[in-house]
Amino acid sequence: MDNTILVVNCGSSTLKLALFDGNSLKCTATGLGERLNHDDAVAWIDGIEGDIRLPAGATHRQALEAMTRALSDSGLLAGTPTAIGHRVVHGGENFREAVLIDNEVRQAINECASLAPLHNPVNLSGIDSTLSLYPNVPNVAVFDTAYHQTLPPKAYLYAVPHSYYRDWGVRRYGFHGISHSFMLTEAARRLGKTPATTSIISAHLGNGCSITAIRDGLSADTSMGLTPLEGLVMGSRSGDIDPGLFDYLKSKGVAQDQLHHVLNHESGLLGLSGQTNDMRKLCDLAEHGHEPSLIAIEVFCFRLARYIGAMMASLRHLDALVFTGGIGENSARVREQTLDNLQLLGFDIDDQLNRCSGEYSDGHIESAESKFPVLVIPTNEERVIAREAARLAIASNGSETPG
Ligand code: AMP
């Protein structure tokens, strides 16, 4: 029988599906649903010609049903999957690692929904859909927060009344844990070390951005907090702001829900440039002398440099600084401009290696003079989810673990 792992990643209005060979963990198919719950919802699968037919306003469940049907009809998915892995954004303090989903787990994910109202409910709808589509297949939840459960109190507590943490769970949770833990494994492999003895600073720079200090394999500090709004400048999210802004803007008549929208959807690179949240377009605009775009990139890189410096406070030694995510993997300009701010710390990159994103140097882009290695490593969160799903499904059957 085929050993296929289905990976389901439900975003607020998107659905990413991927199939992996459960033995080799090679990706065999990917699909994407977009603008879900909108009139122009659309989906397609790589290797299948044309769009997958979706009803107007298709929900995550409808998209999942249509896309898995198309995978089966095309032969990309033979029979039923061996296991299904779900990305779940918020696991609160309940989950330190991936788990097989049962009623209790489902309930705990539901309880965390107040901490991630845009994400946990759609993650649950993905879980419920595959549970009813494939009733006898093990479903596994892989959490974005789980890897950061090793943060020490000095890194996760806010300096607010302690009862907020005790009674309401107000603390820093951290996100992008699946990607940061993958960076650890990959960096350790490339450096010829074991993950448990490796210490890195991992910068995940995509539409959402976060940075993590990993000390001897464990997350020791990270830039995102109670929600994924804290920390670095992002595509349309502000990252850190002075909390005094809330009072000030209230006095100007800006309502709280309006401010929430502005900080999440109209700030960051988009807010600064007034043009776009897309770093590639921003770099093009900057090259044509568009001043607000130049400044947006400068703020992005400066804030990132400050955070790299801050992450040093959690480490005893540094094996490598790692860049990943759409921007981290592709933008030589951002990497160069960021590290230009950190000459005092001894980071130095080689122009040519940086321009090739380390493609021919096993990811290394540092110069011979650099005090620390600097790596560019493509992230692959789906593969981590597939690996965890395969591992837990096999463990529940009592056989061997895949490579
Ligand atoms: P992600 O969320 O990881 O898919 O990353 C999306 C971000 O990566 C967007 O801001 C893209 O503009 C950015 N990106 C992708 N390719 C490039 C590139 N070649 N140069 C600069 N930014 C890029």
Side-chain angles (χ1 to χ4, degrees), residues 7 9-18 27 30-35 44 46 87 89 118-119 144 175-183 186 202-212 222-224 228-229 231-239 264-288 290 292-301 303-304 322-340 349 351-359 363 365 375-385:
V7 172
N9 182 354
C10 291
S12 46
S13 63
T14 58
L15 167 66
K16 285 190 201 162
L17 290 189
C27 182
T30 57
L32 178 65
E34 285 193 312
R35 302 193 290 277
W44 58 87
D46 263 359
R87 179 194 202 148
V89 166
L118 293 180
H119 293 102
D144 247 354
F175 298 86
H176 288 147
I178 301 168
S179 178
H180 290 303
S181 68
F182 183 66
M183 288 307 115
E186 267 301 295
S202 164
H204 178 109
L205 312 174
N207 245 324
C209 301
S210 74
I211 183 164
T212 295
T222 193
S223 58
M224 284 178 167
L229 185 55
L232 300 171
V233 174
M234 307 180 216
S236 63
R237 279 174 257 171
S238 62
N264 279 283
H265 303 291
E266 294 177 7
S267 298
L269 295 173
L270 173 63
L272 284 162
S273 69
Q275 295 288 318
T276 176
N277 63 352
D278 188 302
M279 181 59 89
R280 193 171 6 192
K281 288 188 191 148
L282 221 49
C283 290
D284 283 347
L285 285 164
E287 263 154 42
H288 288 90
H290 186 252
S293 297
L294 273 166
I295 290 174
I297 298 169
E298 231 172 76
V299 175
F300 181 94
C301 295
R303 184 86 71 85
L304 174 58
V322 181
F323 287 99
T324 192
I327 300 171
E329 290 164 31
N330 297 300
S331 179
R333 177 182 185 138
V334 166
R335 294 189 299 255
E336 185 191 337
Q337 226 171 297
T338 301
L339 295 186
D340 210 38
I349 51 178
D351 277 350
Q352 212 162 346
L353 296 179
N354 186 36
R355 248 178 278 131
C356 302
S357 295
E359 198 179 338
I365 59 165
L375 295 170
V376 178
I377 300 179
T379 195
N380 195 336
E381 291 161 294
E382 276 75 20
R383 189 172 193 269
V384 177
I385 298 169

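Counting starts at 1 for both ligands and their atoms, in listed order.
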Residues, nucleotides or ligands: over 12 heavy atoms within 6.0 Å of Gln352 CD: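 At most 12 heavy atoms, drawn from other residues, nucleotides or ligands, come within 6.0 Å of this atom.
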
Side-chain H-bond candidate by donor/acceptor type, His180 with Ser210, under 3.5 Å: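 There is such a pair between these side chains.
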
Backbone N/O of Phe175 and side chain of Asp144: donor-acceptor pair under 3.5 Å: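 Not a single qualifying donor-acceptor pair exists.
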
Minimal non-hydrogen separation, Asn277 against Leu269, with atom names: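 So the minimum-distance heavy-atom pair works out to O-CD1, 3.9 Å.
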
For Arg335 against Gly328, the heavy-atom pair lying closest together: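 Residues Arg335 and Gly328, closest heavy atoms: NH1-O, 2.8 Å.
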
Neighbour list for ligand 1 [protein residues, heavy atom under 4.0 Å]: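 Answer by chain and number: Gly206, Asn207, Asn277, Asp278, Met279, Arg280, Gly325, Gly326, Ile327, Asn330, Ser331.
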
Intermediate values then yes/no, side-chain contact (heavy atoms from CB on, under 4.5 Å), Arg237 and Met224: CA-CA 12 Å; Arg237 279 174 257 171; Met224 284 178 167; 3.8 Å; yes

